[in-house]
There are 2 protein chains.
Amino acid sequence: MGEKQARNTQEWSVSLAKGPQPENSKRKPGAVGLGRAKVTINDIARLSGVSKKTVSRVINNSPQVREETRKKVKAIILEHGFTPDPQARALALRRSYLVGMIYDNPSPQYIVNMQRGILDVLSDTSYQLVLRPCDRTDYDFYEKIETFITLQKPYGVILTPSVSEDEDLANMLREMKCDYVRIASVELDKPTKMVRTHDFKGAAQAAQHIASLGHERIAHIHGPNTFRSAHQRRHGFEHGLEICGLKLAKSLTLEGAYTFDSGYECAQKLFAMKSPPTAVFAGNDEMAVGVYQAARQVGMQVPKDITIVGFDDTPVASRVWPPMTTVRLPIRDMGRAAASLLLNPHDEDRPENFKDGEIISFEPELIVRGSTARISKK
Amino acid sequence: MGEKQARNTQEWSVSLAKGPQPENSKRKPGAVGLGRAKVTINDIARLSGVSKKTVSRVINNSPQVREETRKKVKAIILEHGFTPDPQARALALRRSYLVGMIYDNPSPQYIVNMQRGILDVLSDTSYQLVLRPCDRTDYDFYEKIETFITLQKPYGVILTPSVSEDEDLANMLREMKCDYVRIASVELDKPTKMVRTHDFKGAAQAAQHIASLGHERIAHIHGPNTFRSAHQRRHGFEHGLEICGLKLAKSLTLEGAYTFDSGYECAQKLFAMKSPPTAVFAGNDEMAVGVYQAARQVGMQVPKDITIVGFDDTPVASRVWPPMTTVRLPIRDMGRAAASLLLNPHDEDRPENFKDGEIISFEPELIVRGSTARISKK
DNA sequence: CTGAAAGCGCTTACAG
DNA sequence: CTGAAAGCGCTTACAG
């Protein structure tokens, strides 16, 4: 049996001067000695007067090292700016320092924000973010991911909706012993393996807001049925309406694809009806912008003739005119949370605000802007 | 001296059945044997009755292998679905299979499109795309990238504007023997190391279009002076105006930051002038959308009161109302070109449409939509 | 054209 | 608490 070692979650960034620097100290390329890269565990071992294995123990924070030894080795490591070679570690550990982001969300804004959040955590570490877009309808969808995992042996992967909701995939990852964190709108895994958003609540807020403005003919364009978030948002919306004594009409509930074009097309159908809705809640901002477009094309003014609410609060929401009322999801924060969960699966390493054994979750917030107004009397 | 070997540009995707598949053949996870991953070069050597080294030669397309031997080994490789372990190769070669995308462009749409283009080429290969956002104003900007390169030893990196224009960085990469491809609006490297866009021409087209509509008080919000593209677009715009007998007024030329907010702020200044411009050419779409916003805030209608032209043709251009006239840059195609240049630096491997010794370049195209109109007589 | 040996920079068992 | 040996899966010299 091997000895017990603390999981290596500590980061070995190259020991560079940190913290604020005088203005004029901006380093020029080449200022750092080229020799630095060559320092290996052997050098450190020799210089510290210990074996490679002991250096390895220090690197990996093994408790099995005398405090004195540890200090000595750490000092040498710092002095020489040694960083273990990720490729060598990967080969020996059969696990690389890559963190995969597996996504199939069609909204570019969602993707970019998520990447930013993950990168916030990975930057200045040895971990690298690698991108893995995918398509659940591909015949070799599982195979491609399986190949990626077996070949690259990523440290872990982060899954965003809707691919995060695929139980077959989660099972496959588990079987392959690949760590993962799923981001989803429903509780579908243990707290150490997921970050949750309460889409249901957010949509309910949207409903209550719309209802409070006096609307009654209210439409909903939801996301694809293959997305749990689409269901959560729809049910939350229905729930919110019910509280206000309203009901979501079947004829005014259309399925979109979370894309601009689908939002546009669904809205065209809605506006062509004999008695069109006076308010539309779209399942995400992309589709909501499509609704704006369709409204303009038929001469309807937002919000005078039509009230529109989106979901996500991606940048586009505040760039359209009038600025869109939407439900904010802190996507970047979610990415950050997912990444730190992946790197620090143990409670003690977790940020303080996350309680033991509870799923890290984010509450959406209704952002009221200019696309919603009291229904105009006709 | 080592023997000569063809550079390994061929890809070793796991040998799965390719091509169209019957509808019902969608593989379930786990359908692929778990044993597959364990096949190593030793197994292949043993099964082929040759040495590891010969298998290695076959993998690396060395010409120093008898045709018969090569066929035999290739057959075994195919049969067992062997793919060389990227981590092991990385360790031996001191070069990983990671392709870094180094970017500081503030436009999310630009980033996502670029990523897509690069991924188009990398998918189904052993190469992985890793993200490296950066900030040229960081005091340790070079250091961070240097650390990334020495630690991860990427196969190569792709640089987008403006970081692509940093000569110190390019020199550093060269010294570090790190392959790179730069995407830029000016010719700043040899043909094998860059992909070029003719922003100058695109901006000139925009100018001629605006001039042809009778505008004379024309403003330009250009990108940051630290971006070569900003200069190219500005000079191209000036050039186009000159051809039409017009001149760009200094007082109507403002510097933005390629962001929505900066476009908005610059436009506010323009519209507050005693005699505001009747047309604005923004250096990119993000800023142009800011101009839309500012126009609306002061009650100006697009295009009746103000003509607006953007640059890039990112999705947002067709999502605003009215749809924006803009200069299209095929960003995804550029990403694709950059990636294949990096993986196939030799002419013979290059796509046919790229001639020998010439820089791969893309011509922008003016997309006329609804944000430009003939000047209204007052 | 082919192979046996040594090495890339780490870690895992095993022993003390 | 510490270390010598073997190994992760490849490739580079070198030799034939």
Side-chain angles (χ1 to χ4, degrees), chain A residues 1-8 12 36-46 48-73 77 80 82-97 126 150-153 155, chain B residues 1-8 12 36-46 48-73 77 80 82-97 126 150-153 155:
Chain A
M1 283 250 303
E3 63 196 53
K4 257 187 288 174
Q5 292 207 346
R7 175 113 161 233
N8 174 33
W12 288 89
R36 195 192 63 194
K38 289 182 194 162
V39 181
T40 73
I41 197 173
N42 288 305
D43 302 318
I44 301 298
R46 189 170 27 77
S48 314
V50 299
S51 72
K52 283 161 55 160
K53 180 55 200 160
T54 297
V55 177
S56 176
R57 285 196 181 88
V58 172
I59 292 172
N60 291 290
N61 270 73
S62 159
Q64 326 265 45
V65 185
R66 221 194 329 157
E67 204 43 42
E68 199 187 325
T69 316
R70 180 191 309 283
K71 273 191 184 154
K72 188 174 58 184
V73 175
I77 286 176
H80 294 267
F82 166 66
T83 314
D85 182 301
Q87 273 85 37
R89 292 181 104 180
L91 182 57
L93 284 168
R94 290 163 202 75
R95 182 178 197 184
S96 73
Y97 280 74
S126 291
T150 53
L151 230 53
Q152 303 295 335
K153 305 171 202 72
Y155 186 85
Chain B
M1 283 250 304
E3 61 196 52
K4 259 186 288 174
Q5 292 209 346
R7 175 110 160 235
N8 175 32
W12 289 90
R36 196 192 62 197
K38 290 183 193 161
V39 180
T40 74
I41 197 172
N42 288 305
D43 303 319
I44 302 298
R46 190 169 27 78
S48 315
V50 298
S51 72
K52 280 158 61 159
K53 180 55 200 160
T54 298
V55 177
S56 175
R57 285 195 182 89
V58 172
I59 292 172
N60 291 291
N61 270 74
S62 160
Q64 324 266 44
V65 185
R66 222 195 327 160
E67 204 44 44
E68 200 186 325
T69 315
R70 182 190 309 283
K71 273 192 183 151
K72 188 175 57 185
V73 174
I77 287 176
H80 294 268
F82 166 67
T83 311
D85 182 302
Q87 273 84 36
R89 292 181 103 183
L91 182 58
L93 284 169
R94 289 162 202 76
R95 184 180 196 183
S96 73
Y97 280 75
S126 291
T150 53
L151 229 54
Q152 303 296 334
K153 306 170 200 74
Y155 187 85

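Protein chains get the first letters and strands the later ones, always in sequence-line order, with residue 1 at the start of each. Please read these numbers as outputs of a predicted model, since none were measured by experiment.
- Look at CD on E67(A): it is 12 Å from C1' on dC1(D), rounded to the nearest Å.
- Residues passing the salt bridge (Lys or Arg N to Asp or Glu O under 4.0 Å) test with K153(A), sequence neighbours excluded: D85(B).
- Counting any heavy atom pair closer than 4.0 Å across all strands shown, L91(A) reaches a base atom.
- Salt-bridge formation is not detected for the pair K71(A)/E68(A): no Lys NZ or Arg NE/NH1/NH2 atom is positioned less than 4.0 Å from an Asp or Glu carboxylate oxygen.
- A search for side-chain contact (heavy atoms from CB on, under 4.5 Å) contacts involving L91(A) returns A88(B), L91(B), not counting sequence neighbours.
- Both A92(B) and R70(B) sit near DNA chain C, but only R70(B) has its closest nucleotide nearer the 5' end.
- Computed from coordinates, the R66(A) CZ to dG3(D) C1' distance equals 14 Å when rounded to whole Å.
- Mapping V50(B) and R94(B) onto DNA chain C by nearest heavy atom places V50(B) closer to the 5' end of the strand.
- Rounded to whole Å, atom C1' of dC1(D) lies 12 Å from atom NZ of K72(A).
- Looking at DNA chain C, the stems built from 3 or more consecutive Watson-Crick or G-U wobble pairs, each pair with its key distances under 3.5 Å, are C:1-3 with D:14-16, C:5-12 with D:5-12, C:14-16 with D:1-3.
- Distance CD1 (I59(B)) to C1' (dT12(D)): 14 Å, rounded to an integer number of Å.
- Taking atom CG on N60(B) and atom C1' on dG9(D), their separation rounds to 13 Å, with Å as the unit.
- Remark: side-chain polar atoms of Q152(B) are paired, donor with acceptor, to backbone N or O of S126(A) under 3.5 angstrom.
- Counting to the nearest Å, the C1' atom of dT12(C) and the CG atom of L93(A) are 9 Å from each other.
- A straight line from NZ of K52(B) to P of dC1(C) spans 23 Å, rounded to a whole angstrom.
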